[in-house]
Every structure is written in C-alpha cells, then in structure tokens.
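This structure is a prediction, so every number in the text was calculated from the model and none was measured. All values below come from the heavy atoms of this structure, side chains included, with hydrogens, waters and symmetry mates left out.
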Amino acid sequence: MTSTHAELAKRHRAVLPEWLALYYDEPIDVERGEGRHVWDAEGNRYLDFFGGILTTMTAHALPEVTAAVREQAGKVLHTSTLYLNRPMVELAERVAELSGIDDPRVFFTTSGTEANDTALLLATAHRGSNQVLALRNSYHGRSFSALAVTGNRSWSPTSLSPVQTAYVHGSRRRGTPLADLPDAEFTDACAADLEDVLDQLHGTVACLIAEPIQGVGGFAVPPDGLFARFKEVLDRHGILWISDEVQTGWGRTGEHFWGWQAHDANGAPDIVTFAKGIGNGLSVGGVIARAEVMNSVRANSISTFGGSPITAAGALANLDHLIAHDLQGNAARVGAVLRGLLDDAVGRIPAVADVRGKGLMIGVELVRADGAPAPELATEVLEETRRGGLLIGKGGLDGNVLRIAPPLSLTEPEAREGARILLAALEKAGQR
C-alpha cells in the first residue's frame, strides 16, 4: 500500500515545478502544529527548529492569532488599499512605533520578496539611479529585481537584471581572503572594499541592501559595528541604506529588536524591509521608510492584497503577544543555552567547522576532512534529525550550513532536547 506521503509527493511532482525544492528523500506533509511541535500526515511528531523558514515566530496555532483571524474572517476578508482598513492602520501604527526610523511610513506587501522589490523601487526612484550595492553571499527574494541583488549562485538562476549591482564584502568570512582577520581588521577591510567599489562606479549609486545576518547564506554574521562603518561611507555619498530584516527582525537575535541595531549606527537605516515572523504564517511583509523616501514615488499605486484586513488582524495579535511575553528576552536566554550546547561540537566533532549566530538564529557549518564544504553531510544530518524527531534547515553558499531557528517561545527543556538530537546526528554523520 502506498503511504500518505509517497502518494502526495507523486502528485506534487506531477503538477508543480521541478525546481520547487523539497526537503528529505521521503518528503513529509506537515498537517498540524502546536507550540514548538508539528505532526505530519502519518502521525509522526517533530520538534520544530526551523519554523517554516523562520516564519512561525511565536508558536504554532497561537490562540491569539487564531482568534483574531477567526473574528476578522467573520466580518470581511478583503477590501484592498483603495478603502480605509482599520486593522492595517493599527498594525502600521504599531510597526512605525517600533521601527526606530524618524517620521516613518509603512507599506504592506504579501512577502519579503515583494517588500525588497518595493524597497529597491523606492531607492532607485528617489535617487534617480539603477546602481545598487549588495553583499556577497546575499539573498533577498525570488522576484526579478530581488534576484538581481542576490549574491548567492545557488539561488540566482539568471544574470539578466533590471539594476546594475556591485557586490561588496561584509558577512561571509570562511572561504574568502578575509577569513582569518580579527573583527576590527575585517571591518576595516570591508569598509575599504566598499570605498574601492564606489570608486569604480559611475555617478549616483541608489542604495546598499544588506541583511544584518545573512539567512539563506548560512546565518553568516558580520562583526558588530560593521554597518555603522558602512553608513559613514554611504552618508558621504548620499546613498540610502536598506536593512533587510525579513529574517532578523522582531527580536530573533535576542539582543535587539532589529538586526541593524547591533551596529550602533549613527542613525537608523533609510529603509527597513520585513516579513515572515510578523505574520506567524500569514502572508504579510512590508517596508518602513522615512517619509521623504516613501513619498517620493510619483505615480499611482495600490496593493490588492498587501495589508489585507485578515492578515493585518492576525499579525497585530501576533506582534502584541511577542512583546507582552518578552519573546525577544526569551530568545536571548534560551538561545544562549542552545548555543552553549552546540558550541561544544566545535573541536569535538571534526566535521563541525563553525557554530555562529545570535539568539535563536544559529548556524552550524560542516566541512570535509580537507576543510572543503560538505553539503552532503548537511543533507545527511537533515535526514538523521528528521528520523530523530527534529526539523532543521540548511543553507550557505555551498549548502553546507545547518540553519536552526525555532519559534521564539522555545523552552529550555526543548532547547536541550533539540540539541541532543542534533548532536547525535552530527556525531553519526561525522563518523561516516
């Protein structure tokens, strides 16, 4: 008899694109969730350390979000931005208050890809230039313009581009000429590289877009203060700074609400993009920008689905829960426990070259005996943790970094359980 998963996988492959990636040799259908756990369609229970790609921010089936969605669904599901929308206005007020940006304006989208697409539109229109700076190893989404500023070959299927992008050093260190530099010297080298790249470009540059911690790039973490140095250079040239907070926002790093705040920059970014966690699974993203920048668009525009009543109501309930329960503080406390347990693998398990990250955003980089990236080991560990009842992700330029990002309500016993399963999988894979 064909299993539930095998039959659904067969149907999936018959009607969906070949390039739509699926985890696992035998893909699973996640049927329901509660708290930090999910169950598949065959009844198997997993501790979720990936949250649907850092999207289940607070908890699966959070009662407050469910109640808000149910109540709004009983009123009206959709109106568009052509009409006043109380949930959207209330969510925008809350996001603006938390943004750290002077005189902020908020525009809602349906995804992080669309948010970054909008930010690039704003910056290039405001500056009258299609020249953009981005970081090597970056990922900013799936749209044509977002792919044009993605510096990771694994996720960029075309060299065609609506913008002229120049890539600078900033986050990824292993495998680069800057790998062995101490933090201060690494920051100096990246700032000098930025200056050198600008010297080679003609005329006005619109913006720098950067993730405070690279997500798909394998949770590559720049030294604190690097973007402050970048901002000094950008400000001299009038270049806008876009902070892509799709994965780092809402307190995931534990130490700050926004990833950019770790850099003690002399002023906030000009534009911040967000998505994923704020909706806790609802399709919501957005852009926060200084009014001068946001209002510089000289054309009519609307959003059919961005900021819809139902997603805004759910996102607001989710954000209120996050703040009321200090989940940022929990990410710092429980993340430190989890990180401490995983740090023990460096030096003890030869395949583990690096453990990095902040709060509940932790990367584990795997290499072969000769130090080369080991994507095959990452895949093996992914399979082994699933068999052990734990879901994690992977990424990095070579697909050799494990990505660990559970809901921010993770408990210490759950952190210890997940670490036990992951370490056992690493030991097993490392032996082979």
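We find that Arg13 and Glu18 are not joined by a salt bridge, their nearest charged nitrogen and carboxylate oxygen being 4.0 Å or further apart. Remark: Asp320 engages Arg94 in a salt bridge, criterion side-chain N to carboxylate O under 4.0 Å. Contact check on Arg174 versus Asp398 returns no salt bridge, with no Lys/Arg side-chain nitrogen under 4.0 Å from an Asp/Glu carboxylate oxygen. Between Asp370 and Arg368 there is no salt bridge, since no side-chain N of the basic residue sits under 4.0 Å from a carboxylate O of the acidic one. Salt bridge absent: Lys428 and Glu383 never bring a charged side-chain N and a carboxylate O closer than 4.0 Å. Ion pairing of Arg348 with Asp343 is absent here, as no side-chain N (NZ or NE/NH1/NH2) approaches a carboxylate O to less than 4.0 Å.
Using a 4.5 Å heavy-atom cutoff, the side chains of Leu391 and Thr385 are not in contact. In this structure, Leu382 and Tyr23 have side chains that are in contact, with non-hydrogen atoms separated by less than 4.5 Å. With contacts defined as side-chain heavy-atom distances shorter than 4.5 Å, the pair Leu366/Val352 qualifies. Contact check for Phe108 versus Asn85: no side-chain heavy atoms found under the 4.5 Å cut-off.
Counting non-hydrogen atoms of other residues, nucleotides and ligands closer than 6.0 Å to CD1 of Ile53 gives a total of 12 or fewer. At most 12 heavy atoms of other shown residues, nucleotides or ligands fall within 6.0 angstrom of atom CZ in Arg142. Other residues, nucleotides and ligands contribute at most 12 non-hydrogen atoms within 6.0 Å of the CG atom of Asp180. Residue Arg236 places its CZ atom among more than 12 non-hydrogen atoms of other residues, nucleotides or ligands, all under 6.0 Å distant. Annotation for Asp235: atom CG counts as buried by contact number, over 12 foreign heavy atoms lying within 6.0 Å.
The shortest heavy-atom contact between Leu122 and Ser296 is O-OG, 4.3 Å. When all heavy atoms of Thr165 and Ala134 are compared, the closest pair comes out as CG2-CB, 4.0 Å. Minimum heavy-atom separation, Val334 to Thr411: CG1-O, 3.8 Å. The shortest non-hydrogen separation linking Leu341 to Ala419 is CD1-CB, 3.7 Å. Here the closest non-hydrogen pair linking Pro222 and Ser171 is CD-OG, 3.6 Å. For the residue pair Pro309 and Pro87, the shortest heavy atom distance occurs at O-CB, 3.7 Å.
Thr56 and Asn280 form no side-chain donor-acceptor contact under 3.5 Å, judged by distance and modelled atom types alone. Of the N and O atoms on the side chains of Gln214 and Asn137, at least one donor lies less than 3.5 Å from an acceptor on the other residue. Donor-acceptor pairing under 3.5 Å is lacking for the side chains of Ser111 and Glu114. Between the side chains of Asp29 and His5, not a single donor N or O lies within less than 3.5 Å of an accepting N or O. One side chain, Thr248 or Glu245, offers a donor N or O that lies under 3.5 Å from an acceptor on the other.
Put simply, the side chain of Arg252 never gets that close to the backbone of Ala331: no donor and acceptor are under 3.5 Å apart. For Glu211 (side chain) and Tyr139 (main-chain N/O), a donor-acceptor pair under 3.5 Å exists by modelled atom type. At least one donor-acceptor pair closer than 3.5 Å links the side chain of Arg298 to the backbone N or O of Asn295. Under the 3.5 Å distance criterion, the side-chain polar atoms of Gln131 are matched with a main-chain donor or acceptor of His202. Looking at Ser138, its side chain does come within 3.5 Å of a backbone N or O of Val149 through a donor-acceptor pair. When atom types are taken as modelled, the side chain of His325 and the backbone of His321 share a donor-acceptor pair closer than 3.5 angstrom. Checking side-chain atoms of Arg290 against main-chain N and O of Ile271 turns up no donor-acceptor pair under 3.5 Å. Side-chain N or O atoms of Arg333 include none that pairs as donor or acceptor with a backbone N or O of Glu412 at under 3.5 Å. Proximity of a side-chain donor or acceptor of Thr187 to a complementary backbone N or O of Leu226 within less than 3.5 Å is not detected. The closest donor-acceptor contact from the side chain of Asp183 to the backbone of Asp224 lies at 3.5 Å or more, if one exists at all.
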Given Ile404 and Leu422, is the side-chain contact (heavy atoms from CB on, under 4.5 Å) satisfied, shown in steps?
CA-CA 10 Å; Ile404 299 148; Leu422 178 56; 3.4 Å; yes

Could you go through Phe230 and His263, starting from their C-alpha distance and side-chain angles, then the distance that decides it, and tell me whether this counts as ring-ring contact (aromatic ring centres under 6.0 Å, His included)?
CA-CA 10 Å; Phe230 275 15; His263 298 271; 9.0 Å; no

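Annotation: the span from Met361 atom CE to Phe219 atom CZ amounts to 4.5 Å, rounded to 0.5 Å. In this structure, Leu240 CG and Leu133 CG are separated by 11.0 Å, a value rounded to the nearest 0.5 Å. Remark: Asp270 CG to Ile288 CD1 distance equals 12.5 Å, nearest 0.5 Å.
The aromatic rings of Trp241 and Trp260 stand perpendicular to each other, their planes meeting at an angle above 60°, with 30° marking the opposite boundary. In this structure, Phe274 and Trp258 have tilted ring planes: the angle between them lies in the 30° to 60° band.
The salt bridge (Lys or Arg N to Asp or Glu O under 4.0 Å) check on Glu26 picks up nothing, with sequence neighbours excluded. The salt bridge (Lys or Arg N to Asp or Glu O under 4.0 Å) test applied to Arg136 returns no partner, not counting sequence neighbours.
With Ile28 as reference, Asp40 is the one residue of Asp40, Asn44, Val38 to meet the side-chain contact (heavy atoms from CB on, under 4.5 Å) rule. When the options His37, His60, Arg36 are evaluated for a side chain to side chain donor-acceptor pair (under 3.5 Å) with Asp48, the one that passes is His60. Considering Asn400, Thr379, Val381 as possible partners of Lys394, the one that fulfils the side-chain contact (heavy atoms from CB on, under 4.5 Å) test is Thr379.
For Phe186 and His169, the distance between ring centers is not under 6.0 angstrom.
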